[in-house]
Amino acid sequence: MDNQYDIIVAGAGSAGICAAIQAAQLGVKTLLIEKNGICGGTSIAGGVNFPGLFHAHGKQVIAGIGWDITLKSVNEAKGKLPDFADTSLRHWKHQISIDLALFPSVAEEALLESGAEILYHCMPASVRKNGEDWEIQLACKEGLKSLRSKFIIDCSADANIAGLAGCPLEKDAILQPATLMFKFYGYDPEKLEYTELNKALDEAKKTGFITNAEVAGRSAESFLRTHASNCIHLEGIDGSTSEGRTIAELKGRAVMLKLFRFFRKFPGLEKLEIKDMAMECGIRETAKIIGDTRITVEDYSSGRVFEDSLCYSFYPIDLHKPDGSGIDIRPLAKDVVPTIPLGAMIPEGFDGILAAGRCLSGDKLAHSAFRVQSTCMASGQAAGAAAALAVTRNQKIREVPVSLIKDSLSKSGAIVP
Ligand SMILES: Cc1cc2nc3c(=O)[nH]c(=O)nc-3n(C[C@H](O)[C@H](O)[C@H](O)COP(=O)(O)OP(=O)(O)OC[C@H]3O[C@@H](n4cnc5c(N)ncnc54)[C@H](O)[C@@H]3O)c2cc1C
């Protein structure tokens with residue numbers, strides 16, 4: 001690999017994959033760096049393998065690179081798409097189930113075909129300006145590696161790279177819970193004696209042996225009846241630091257083990273098994289950049305179209321209470337389709353750096369909706385196009401005509417407001 005790039009995209013989740021492919025397709029030399037050994041981020045390593053929503057009110061509003069990869073991986077798996085035309089379904093029924101092995105493999109194939117380079121198992125240790133370029137010190141297995149890049153796109157979800165570069169960030173004092181995804185198998189949910197199980201779990205909650213959050217606020221019946229709903233909520237996790245992540249992973253697996261031992265004692269659950277445990281906890285909320293535009297819940301819920309809106313987003317406001325006691329869920333009104341402006345990707349006072357995906361600029365409630373994977377994919381692709389145009393035209397990001405970014409996105413199959 002080289003040490004000079006036009007664009008370095010940090011974080012290979014929903015946003016980073018699309019940002020890197022889009023930039024590379026536009027002919028700029030692009031490197032995607034990632035701390036894990038696989039792409040997909042929260043969708044894959046976090047086991048949240050059900051991206052949504054690509055459709056609003058029965059009509060597709062997000063397409064392009066993320067949609068193509070999603071569709072291809074579903075077809076490879078001979079999977080089924082939801083009925084997007086059926087608007088009577090609850091929103092989560094329009095999420096798409098993706099295969100944990102096929103999605104990242106198809107995404108890697110698309111990344112390499114686009115000409116983007118990938119470097120796994122590395123994390124930026126410092127980011128600073130050196131003349132016109134960014135200089136990034138990467139912590140690699142073999143030691144520190146120094147790279148230079150004209151432009152950075154932060155798709156780390158935690159705004160880690162923007163933070164290292166000195167960009168202004170915001171992080172709420174009380175964050176939504178982290179979640180460890182796994183599935184309990186080895187029993188027949190139809191044959192369990194739920195009255196007794198519910199009573200036993202209530203008792204364990206009363207004594208404090210198991211907290212409400214640890215079973216995601218559910219009864220034993222709700223927890224055990226559908227395998228897919230076995231997940232643990234963890235309070236007070238700051239997933240933007242290595243220490244916070246370590247606490248999440250250790251706590252998550254300790255709680256899972258505790259629940260496994262607890263439930264295994266009951267009739268019908270003697271052969272309980274754990275399957276599909278995510279490699280890492282899913283994080284809902286940490287730091288976001290403070291952008292030229294900060295998307296508010298009023299902007300989001302009214303479907304405001306900004307002058308520089310580059311993609312759509314569609315999801316109800318979906319704020320998870322930290323103690324797992326429920327979700328503040330507010331569906332969008334009929335015909336409302338929110339949008340994401342370029343201004344929410346540009347860190348205030350900075351040039352040569354954009355953020356996309358979960359660390360876009362917005363208030364807590366708007367963020368609870370725009371953090372979903374389809375929006376991360378769309379904002380990633382938009383950031384990739386905007387950055388590539390800034391590099392090829394040798395312009396500052398705020399000087400690039402929005403119409404050119406939109407044209408470029410449309411040519412790549414994206415839907416632009
Ligand atoms: C429990 C849970 C349930 C959810 N449910 C849904 C749902 O039903 N539908 C939906 O669409 N969305 C859902 N979401 C939200 C969604 O999954 C995430 O917000 C989204 O995947 C974030 O995408 P991203 O690309 O911004 O970040 P991520 O997918 O998190 O990707 C970030 C990538 O950056 C890497 N990285 C991080 N820091 C660094 C660093 N310093 N250096 C190098 N690499 C780094 C990470 O390893 C990761 O690969 C859920 C989230 C959670 C936690």
Side-chain angles (χ1 to χ4, degrees), residues 8-20 32-54 62 66 70 91-98 103-104 107 118-125 127 136 138-140 152-164 175-182 216 228-229 231-234 237 239-242 245 248 252 278-288 313-316 318 320 324 327 355-360 367-381 383:
I8 290 183
V9 178
S14 304
I17 292 168
C18 298
L32 176 62
I33 59 175
E34 163 61 46
K35 73 174 169 60
N36 290 338
I38 190 165
C39 67
T42 304
S43 325
I44 302 302
V48 184
N49 54 331
F50 30 88
L53 298 173
F54 295 90
I62 293 177
T70 303
H91 70 276
W92 49 269
K93 294 230 168 179
H94 283 160
Q95 289 171 162
I96 301 174
S97 178
I98 52 171
F103 181 87
I118 306 171
L119 185 67
Y120 285 143
H121 298 293
C122 64
M123 269 198 216
V127 178
I136 303 178
L138 274 188
C140 295
I152 295 173
I153 308 178
D154 185 345
C155 297
S156 68
D158 301 313
N160 282 147
I161 290 73
L164 285 173
L175 299 165
Q176 293 174 76
T179 294
L180 176 63
M181 308 289 289
F182 62 92
S229 65
C231 63
I232 288 165
H233 281 357
L234 302 161
I237 300 295
S240 65
T241 66
S242 294
R245 285 260 165 163
M279 284 300 108
E280 55 183 38
C281 282
I283 304 293
R284 287 188 175 78
E285 181 189 5
T286 56
K288 295 159 278 181
S313 170
F314 191 70
Y315 210 75
D318 184 48
H320 290 244
I327 310 175
R358 205 188 75 206
C359 53
L360 283 173
H367 172 271
S368 76
F370 69 59
R371 70 190 169 90
V372 292
Q373 292 162 38
S374 53
T375 309
C376 292
M377 290 169 176
S379 68
Q381 181 170 356

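Order of listing sets the numbers, starting from 1, for every ligand and every atom in it. This one's a predicted model, so the numbers in the text were calculated from it and none came from an experiment.
Remark: H233 pairs with T179 by the side chain to side chain donor-acceptor pair (under 3.5 Å) rule, at least two apart or across chains.
The main-chain N or O of C140 is never found under 3.5 Å from a side-chain atom of H121 such that the two would form a donor-acceptor pair.
Protein neighbours of ligand 1 below 4.0 Å, counting non-hydrogen atoms: G11, A12, G13, S14, A15, E34, K35, N36, G40, G41, T42, V48, F50, P51, G52, Q95, C122, M123, P124, C155, S156, A157, N160, T179, G282, I283, R284, Y315, G357, R358, R371, V372, Q373, C376.
Using a 3.5 Å distance cut-off with no hydrogens or angles, the side chains of S240 and D158 do not pair a donor with an acceptor.
The minimum heavy-atom distance between L32 and G11, with the atom names listed, is CD1-O, 3.6 Å.
Classification of E285 and R371 as a salt-bridged pair fails, no side-chain N sitting under 4.0 Å from a carboxylate O.
Rounded to the nearest 0.5 Å, atoms CZ (F54) and NE2 (H94) are 13.0 Å apart.
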